[in-house]
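Throughout, a chain's letter reflects where its sequence line sits, starting with A, and its residues are numbered from 1.
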Number of protein chains: 2
Amino acid sequence: MLTKKELKEYCENARENYLPHISIDCVVFGFHEGLMKVLLLKVKNEGGWYLPGGFLLKPEPIEMAANRILKERTGLDEIFLQQFHVFGDPERSKEHFEMYKDLLPAKENWFTNRFLTIGYYALVDFCDVNPTPDQFSATCSWCDLNDLPEFKLDHALILKTALDTLRLQLNYQPIGYNLMPKEFTMPELQKLYETILDKKLDRRNFQRRMLGFGILNRLEKPRKGGAHKAPYLYSFDLENYKAALTEGFKGGW
Amino acid sequence: MLTKKELKEYCENARENYLPHISIDCVVFGFHEGLMKVLLLKVKNEGGWYLPGGFLLKPEPIEMAANRILKERTGLDEIFLQQFHVFGDPERSKEHFEMYKDLLPAKENWFTNRFLTIGYYALVDFCDVNPTPDQFSATCSWCDLNDLPEFKLDHALILKTALDTLRLQLNYQPIGYNLMPKEFTMPELQKLYETILDKKLDRRNFQRRMLGFGILNRLEKPRKGGAHKAPYLYSFDLENYKAALTEGFKGGW
DNA sequence: AATGATAGTGTATTACTGACACAAGAGTAA
DNA sequence: TTACTCTTGTGTCAGTAATACACTATCATT
């Protein structure tokens, strides 16, 4: 929560530069040590967590805004982003309304307005991210998808919708290029799928199917160093991967 | 295109009642005589066609706004609606900007603002629709999907995106309840699928697969009156249909 | 009663999915 | 060095779904 002074400054700036009534919230998925992670922010002097988000500059394309916001929170450029839903319940920002309504008159108070928020989800390589709080936040950090904190506003719903969308997309799009390091083993990739879907998959069938998609290159060298049989390393075949992204897998009719 | 007087009145009302910078555009699909149809509007004194659209009342949920807009254009309540994308290119309303910029000063000119538009597609029973122009339009009518006119703004893109989404959804959701009359024959339903997908399907395999979904009831009576063998009539099993809508078909992992 | 057009249905082939088991490699410890 | 353990790589078989294809049934018309 902002102090009155901070609020006032922020609102003046926001009214000047941002489109009113529209915000962007991003669900940033990462994958680390076999666990699915989401990037979250904890606001100063408030309980509850937020998704990284922000506003749209008046002349800015939406996707560019999402990229800008994520660049600020992660340090990353060129993030894989997918717009998935607009959340527009008139009551969705009620908490903010209650919190800020007494600090500034409605007319100049950015946060007592209604906001529609455009939901994006992002897939990123966990290790590349440098979580950076925004000016409202005390903390920006990865949270385990299995162990989520309390959310503010409707951010739990946004996260759930993103996850549902991701799971659905898994069925007709390749995924992983943005979540895995350049080189990885088949068991590691399987773990990613298992984590996203929250279920066990058969090792042999997973491999067969995955290879069947034709988006993987097996590298010559295996991964050394483990205490067991050295697994092969794979990388994505970018060309086929992108083709699969646009055309989708098989898919019925 | 509006006259100056009309524009002025409209803008005053709009500023008062609608959220700025946000619009809704609907792609209304219907199916008639074996052809896929889209509901379009032709504005007075302008070349080119628009999708039915409108704005969001300040306290109104998005979905309700889409319903309200479609109720006005079609006479229908309770339309099947699916939000599919937000279009936000800052240049997307350039045509409007050029058209209206000289009529009113920017400050009070609703139409020279930037608009993000939320795209919904709707599936309706062609025969139930009573196409009704809005106050800007001379004509509201069904157009054949294979024979589309010139569009204004980015409405060709919006339509294409809607169609792509619909085709994709065909693979994991039932469709047809909203597009077909209550009772229909298997060949008629097949024709719907063929029309949406723009490709021929095998009669026998289509039937087997469709019945396999378990969302159809075969009625006792056949359709009489044709010059040929009387086909069976089917209706959708609402309960199973809705279950399939939420759970999706099979779907991979 | 023969014709023409369309509807209903069965079957063989192939591809895919899911369940399962065994062999190979790499380190570890005797 | 050898046996052991853990993990990876791969083959097979059965059940299921997808594809391709051809015949019979029915109605209206002549």
Side-chain angles (χ1 to χ4, degrees), chain A residues 33-34 167 170-174 176 180-181 183-195 197-235 244 248-253, chain B residues 33-34 167 170-174 176 180-181 183-195 197 199-235 244 247-253:
Chain A
E33 291 179 348
R167 282 177 180 157
L170 224 50
N171 290 316
Y172 53 87
Q173 283 198 348
M180 302 294 287
E183 302 182 347
F184 51 89
T185 68
M186 194 60 81
E188 286 164 0
L189 184 61
Q190 179 176 345
K191 188 77 192 162
L192 169 66
Y193 272 75
E194 289 182 338
T195 307
L197 295 166
D198 197 25
K199 72 159 91 153
K200 278 251 158 271
L201 300 172
D202 182 274
R203 203 158 54 84
R204 292 154 279 209
N205 300 332
F206 177 81
Q207 169 143 176
R208 183 174 28 194
R209 188 161 167 189
M210 216 56 191
L211 291 176
F213 292 152
I215 55 170
L216 293 178
N217 293 320
R218 185 196 274 193
L219 308 180
E220 289 315 309
K221 51 188 177 177
R223 161 152 303 166
K224 292 288 193 171
H228 308 293
K229 176 169 181 175
Y232 288 105
L233 282 171
Y234 290 85
S235 66
F249 294 141
K250 51 174 192 209
W253 299 99
Chain B
E33 292 180 346
R167 283 178 179 156
L170 224 50
N171 291 315
Y172 53 88
Q173 282 199 348
M180 301 295 287
E183 301 182 348
F184 51 90
T185 68
M186 195 59 81
E188 286 164 0
L189 184 61
Q190 180 176 343
K191 187 79 193 158
L192 169 66
Y193 273 75
E194 290 182 338
T195 307
L197 295 168
K199 71 159 90 153
K200 278 254 159 267
L201 300 174
D202 182 276
R203 208 156 54 83
R204 292 154 278 207
N205 299 333
F206 177 81
Q207 170 146 169
R208 185 178 13 206
R209 187 159 166 189
M210 215 56 192
L211 291 175
F213 293 152
I215 55 170
L216 293 178
N217 293 321
R218 184 196 275 193
L219 308 179
E220 289 313 311
K221 50 189 176 174
R223 160 153 304 165
K224 291 287 191 172
H228 308 291
K229 176 169 181 177
Y232 289 106
L233 283 170
Y234 291 85
S235 66
E247 289 158 34
F249 294 142
K250 55 180 185 195
W253 297 100

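Judged by atom type and distance alone, A:Arg204 reaches the base of C:dA21 through a side-chain donor-acceptor pair under 3.5 Å. For B:His228 and D:dC27, a side-chain-to-base donor-acceptor distance below 3.5 Å is absent, hydrogens and geometry of angles not being considered.
If you measure from atom CG of B:Leu211 to atom P of C:dG10, you get 12 Å, rounded to the nearest angstrom. Rounding to whole angstrom units, CG of residue B:Leu233 and C1' of D:dT26 are separated by 15 Å. Counting to the nearest Å, the P atom of C:dG8 and the CZ atom of B:Arg209 are 19 Å from each other. One atom, CZ of A:Phe249, and another, P of D:dA18, lie 18 Å apart when rounded to the nearest Å. For the pair A:Phe184 CZ and D:dT8 C1', the computed distance is 16 Å after rounding to whole Å. We find that CG of A:Asp202 is positioned 9 Å from P of C:dC20, with the value rounded to whole Å. Between A:Leu201 atom CG and C:dC20 atom C1' the separation is 16 Å, expressed in whole Å. Rounded to an integer number of Å, the gap from CD of B:Gln207 to P of C:dT6 is 17 Å.
You'll find the side chain of A:Ile215 stays beyond 4.5 Å of the side chain of A:Tyr234, heavy atoms only. In this structure, the side chains of B:Arg218 and B:Leu233 stay at 4.5 Å or more apart for every pair of heavy atoms.
At a threshold of 4.0 angstrom between heavy atoms, the contacts of B:Pro187 are confined to the sugar-phosphate backbone, with no base atom among them.
You'll find that the side chain of A:Arg203 is closest to D:dT10, out of D:dA18, D:dT10, C:dG8. Side-chain proximity of B:Asn205 to the nucleotides D:dC21, C:dA5, D:dG9 is greatest for D:dC21. Closest contact between the side chain of B:Lys229 and the listed nucleotides C:dT9, C:dA7, D:dG9 involves C:dA7. For B:Pro231, the listed nucleotide lying nearest its side chain is C:dG8; candidates were D:dT7, C:dT17, C:dG8.
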Report task. Would you sort out whether A:Arg223 and A:Glu183 count as a salt bridge (Lys or Arg N to Asp or Glu O under 4.0 Å), showing the intermediate values? Result -> CA-CA 9 Å; A:Arg223 161 152 303 166; A:Glu183 302 182 347; 5.9 Å; no
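When the side-chain nitrogen and oxygen atoms of B:Arg208 are compared with OP1 and OP2 of D:dT16, none of them lie within a distance under 4.0 Å. In this model, the phosphate group of C:dG8 is not approached by any side-chain N or O of B:Arg223 to a distance below 4.0 Å at OP1 or OP2.
Between the CG atom of A:Leu197 and the CG atom of A:Leu192 there is a distance of 9.0 Å, given to the nearest 0.5 Å.
Counting only distance, with no hydrogens or angles, the side chain of B:Glu194 and the backbone of B:Leu201 share a donor-acceptor pair below 3.5 Å.
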